[in-house]
Asker: 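Okay, handing you the structure first.
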Amino acid sequence: MSKNEPVYIESVMCPVPIRDRGHIILGHGSGGKLSGDLIADLFLPPFDNPALRAGDDAGVVDANYCTQLAVSTDSHVVWPLFFPGGDIGKLAVCGTVNDVAMMGAVPQFLTAGFILEEGLEIGLLEKIVASMKDAAAEAGVQIIAGDTKVVERGKADGVYINTSGVGLMLPGTEIGGALARPGDVVIVSGTIGDHGIAVLGARGDLGFETDIQSDVAPLNHLVNAMLETSDNIHVMRDPTRGGVASTLNEIAKQSGVGIVLDEGAIPVQTAVRAACEMLGFDSLYIANEGKLLAIVAREDADAVVEVMRKTKYGEDAAIIGEVTAEPPGRVLMKTAIGSTRIVDVLMGEMLPRIC
Ligand code: MG
């Protein structure tokens with residue numbers, strides 16, 4: 001073994017690197033612990049500022065004395081480019097729209113940067129762009145700037161797309177990962193794990209046929225409905241890479257609170273549950289692209305869930321847990337058989353290039 005080769009220990013979920021400061025490994029893109037460490041150790045110190053340090057889905061800044069902007073950026077490298085329920089173009093628009101919306105901002109404008117591989121069929125690119133157009137129209141955003149680069153055959157994988165987004169903060173809205181309080185409840189907008197399993201199916205990695213569709217969708221209209229219903233939504237975040245488990249761990253740490261989930265209340269499609277059981281995955285760690293988690297004051301929770309269930313992307317919304325004072329920074333799960341287990345952040349990498 002060479003000096004710089006990572007050393008792995010096998011865990012139930014995935015290989016966990018225990019020593020690798022030398023090179024980027026796939027786990028640095030997982031959205032789990034390694035991604036968080038890379039951000040905290042390498043990116044945050046040189047770029048440090050309050051908006052970045054907040055560690056939320058979008059940076060919120062004062063544009064002038066009366067307007068706040070939420071700004072976010074996201075690169076998309078999903079493989080394959082097309083999968084049941086979506087494609088890289090729809091994902092690129094929805095991913096950034098959702099990150100801006102999670103701050104309680106109204107997404108307005110996107111930019112799109114394309115890295116194209118020599119040899120990509122132009123007809124495929126046209127389909128991807130048409131999909132972006134449709135998703136942007138549904139979200140009510142415009143793509144106002146773009147960039148195209150082409151790299152030699154073999155130096156990329158068809159197309160990668162970066163999108164950045166700008167949204168206007170609704171006046172008086174204060175939402176962030178550090179604002180969860182003991183007594184709040186945790187809401188999920190629908191079934192979890194659909195996107196990750198749909199992409200695995202498209203790769204032929206499931207070993208069986210399913211009709212599971214990705215949930216990729218713009219959530220800004222759902223967010224608007226929620227914000228019109230309650231002034232006590234403290235946190236919103238979309239559980240993409242790393243899944244519900246990693247996202248709730250981030251929030252628990254940011255807010256210094258505990259989160260206790262009720263296993264029986266978490267909505268999971270039967271087909272997704274079956275796929276996870278066969279593959280040895282936990283749906284809590286599977287990526288979602290059209291779901292949000294909200295942490296809401298208990299007194300408003302039922303009204304928020306009710307309004308969510310009336311929207312296109314919130315029909316299966318449910319209360320899945322509560323925020324507690326103890327143990328700070330930890331997520332626990334009350335299981336169906338009455339025991340309690342720790343739900344940790346995703347270690348290593350489970351499904352590379354899922355978004
Ligand atoms: Mg996000």
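Note that the structure is a prediction, hence the values are computed from the model and not measured. Ligands are counted one by one from 1 in listed order, and the atoms in each one are counted from 1 as well.
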Asker: Which atom, counting only N, O or S, brings D99 closest to the Mg ion (ligand 1)?
Answerer: OD1
Asker: Does either side chain, that of T191 or that of D316, offer a donor lying less than 3.5 Å from an acceptor on the other one?
Answerer: no
Asker: Please list every donor-acceptor pair under 3.5 Å in which a side-chain atom of residues 319-333 meets a protein atom from a residue at least two apart or in another chain.
Answerer:
residue, atom, partner, partner atom, Å
E322, OE1, R298, NH2, 2.9
T324, OG1, G258, O, 3.4
T324, OG1, E326, O, 2.7

Asker: Got a salt bridge between D282 and R341, using NZ or NE/NH1/NH2 to carboxylate O under 4.0 Å?
Answerer: yes
Asker: Distance-only check: which donor-acceptor pairs under 3.5 Å involve side-chain atoms of residues 46-54, not counting sequence neighbours?
Answerer:
residue, atom, partner, partner atom, Å
D48, OD1, R53, NE, 2.9
D48, OD2, R53, NE, 3.4
D48, OD2, R53, NH2, 3.1
N49, OD1, A51, N, 3.1
N49, OD1, L52, N, 2.9
N49, ND2, F47, O, 3.0

Asker: In D238, which N, O or S atom comes closest to the Mg ion (ligand 1)?
Answerer: OD1
Asker: Look at the N, O or S atoms of D74, main chain and side chain alike, and state whether any lies under 2.8 Å from the Mg ion (ligand 1).
Answerer: no
